[in-house]
Amino acid sequence: MTKLIVADDYKAMSEEAANWLAAIVADRPGAAMVLAMGNTPMGMYEALAARRAAGDVDFSAVRAFQLDGYLGLANDDPRSLEGWLRRSVAEPWKLREEQLVLLDENTDDPAATAREYDRRVREAGGFDAAVLGLGPNGHLGFNEPPSRPDSPTRAVALTEKSLQSNAAYWGGLDRVPRESITAGMDVLLGARKVLLLASGAGKREILKRTLEGAVDEGVPSSFLQTHADVTIIADRAAWPEGG
């Protein structure tokens with residue numbers, strides 16, 4: 001079942017998303033959750049940090065899994081997605097180190113890193129919640145097209161579209177790492193509940209293809225059509241109907 005929520009603007013979208021995750025934590029305080037970075041979910045994480053500070057949500061028992069990362073970065077590199085996860089979630093939510101499950105972006109053996117990550121996912125009983133952004137080409141995490149629904153956690157070469165979309169963050173296309181490591185489609189689609197966030201007019205076309213297009217590996221996000229419990233929250237600008 002897919003639930004669709006169209007919010008008036010980014011702030012309203014972020015509050016709706018915060019409601020979604022807060023409800024999961026209230027129902028399952030030790031929830032295992034995989035959390036996307038990027039600009040889109042930042043408002044959600046900030047809203048949840050404010051709720052935690054007010055005593056309205058308790059993250060003290062959750063397990064937060066890193067969704068993806070850029071290979072070849074030192075773990076303390078401020079551009080790493082581990083660093084972003086720490087700044088935007090772990091620190092404001094007051095998570096302890098043992099509550100984090102990371103993908104080592106500085107690994108010499110991505111395959112071993114992926115196996116250990118998947119072991120930790122299995123140990124947690126799978127993800128209770130997956131918070132995902134929508135890539136410009138339909139990638140979930142860095143599961144670039146083509147990605148099958150059973151694609152495992154692995155190293156991935158970034159597509160030109162993803163490189164271009166990350167260029168501003170890195171200060172130029174030539175500075176964007178060419179390889180990533182990502183939680184697999186198999187563990188993401190295996191999550192009990194999935195939240196997909198989309199913001200801005202630039203996501204309108206790919207959101208339409210995600211919701212209504214053919215379900216195939218050319219648009220990895222289209223496989224969400226087959227999931228039993230997906231909530232999609234978009235702001236008005238991203239909604240395919242355009243208003």
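Quick note: numbers below take in every heavy atom, side chains included, and nothing from hydrogens, waters or symmetry partners.
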What pair of heavy atoms forms the shortest contact from Ser88 to Pro92, and how long is it? O-CG, 3.3 Å

So CD of Glu160 and CG of Leu173: to nearest 0.5 Å the spacing works out to 5.5 Å

Distance from Glu105 atom CD to Asp68 atom CG, nearest 0.5 Å? 8.0 Å

Can Ile232 and Leu224 be said to form a side chain to side chain contact (heavy atoms under 4.5 Å, CB included), step by step? CA-CA 10 Å; Ile232 297 175; Leu224 292 176; 5.6 Å; no

Sidechain N-carboxylate O distance under 4.0 Å for Asp77, Arg79: yes

Is a side-chain donor or acceptor of Gln225 paired with a backbone partner of Thr210 at a separation under 3.5 angstrom? yes

Answer yes or no: is there a donor N or O on one side and an acceptor on the other, between the side chain of Arg96 and the main chain of Ser60, under 3.5 Å? yes

State whether a side-chain donor-acceptor pair under 3.5 Å links Tyr70 with Asn166. yes

Nearest atoms (heavy-atom pairs only) where Phe65 meets Ala124: CZ-CB, 4.1 Å

Side chain to side chain contact (heavy atoms under 4.5 Å, CB included) between Phe142 and Leu81, worked out: CA-CA 12 Å; Phe142 274 134; Leu81 296 189; 4.2 Å; yes

Residue pair Thr231, Lys193: steps toward the side chain to side chain contact (heavy atoms under 4.5 Å, CB included) verdict: CA-CA 8 Å; Thr231 298; Lys193 295 178 180 291; over 6 Å; no

Strictly distance-based, threshold 3.5 Å: is any side-chain N or O of Asp150 a donor or acceptor partner for the main-chain N or O of Asp186? no

Exercise: do Arg209 and Asn137 side chains pair donor with acceptor under 3.5 Å: no

Verify the cluster assignment for Leu134 and Val156: are they in a single hydrophobic cluster under the rule of side-chain heavy atoms below 4.5 Å apart? no

Answer with yes or no whether the side chains of Ser147 and Arg154 bring together a donor and an acceptor at under 3.5 Å. yes

Would you say the side chain of Gln66 lies within less than 4.5 Å of the side chain of Leu100, judging by non-hydrogen atoms? no

Min side-chain heavy-atom separation Leu188-Asn143 under 4.5 Å: yes

Using atom types as modelled and distance alone, determine if a side-chain donor or acceptor of His227 lies under 3.5 Å from a backbone N or O of Ala191. yes

Can we say Glu97 and Arg86 salt-bridge, meaning some charged N sits less than 4.0 Å from an Asp/Glu carboxylate O? yes

Side-chain (Glu144) to main-chain (Thr159) donor-acceptor, under 3.5 angstrom: yes

List the steps and the verdict of side-chain hydrogen bond (donor to acceptor under 3.5 Å, both in side chains) for Thr113 and Asp104. CA-CA 7 Å; Thr113 297; Asp104 184 3; 5.0 Å; no

Roughly how far apart are Tyr45 OH and Leu35 CG, rounded to 0.5 Å? 4.5 Å

Please work out whether the ring planes of Phe59 and Trp93 are parallel, tilted or perpendicular, with thresholds of 30° and 60°. parallel

Backbone N/O of Ala237 and side chain of Arg204: donor-acceptor pair under 3.5 Å: yes

Is any NZ, NE, NH1 or NH2 atom of the basic residue among Lys208 and Glu205 found under 4.0 Å from an Asp or Glu carboxylate oxygen of the other? no

Please answer whether the main-chain N or O of Asp216 pairs with a side-chain N or O of Ser222 as donor and acceptor at a distance below 3.5 Å. yes

Report the C-alpha separation of Glu15 and Arg51 in whole Å, then their side-chain angles, then the decisive distance to 0.1 Å, and conclude whether the salt bridge (Lys or Arg N to Asp or Glu O under 4.0 Å) test is met. CA-CA 11 Å; Glu15 289 293 338; Arg51 296 186 194 192; 2.9 Å; yes

Pair Val62, Gln99 - check side chain to side chain contact (heavy atoms under 4.5 Å, CB included), show working. CA-CA 7 Å; Val62 304; Gln99 291 178 261; 3.9 Å; yes

Side chains of Leu4 and Leu211, heavy atoms from C-beta outward: is any pair under 4.5 Å? yes

Under 3.5 Å: donor-acceptor pair, side chain of Asp8, backbone of Arg236: no

Any side-chain to backbone donor/acceptor pair from Glu179 onto Ala155? Under 3.5 Å, distance only. no

Looking at OG of Ser221 and CE of Met185, how far apart are the two atoms once the value is rounded to the nearest 0.5 Å? 8.0 Å

Any donor-acceptor pair under 3.5 Å from Tyr10 side chain to Gly43 backbone: yes

Can you give me the closest heavy-atom contact between Ala234 and Trp239, atom names plus distance? CB-CE3, 4.0 Å

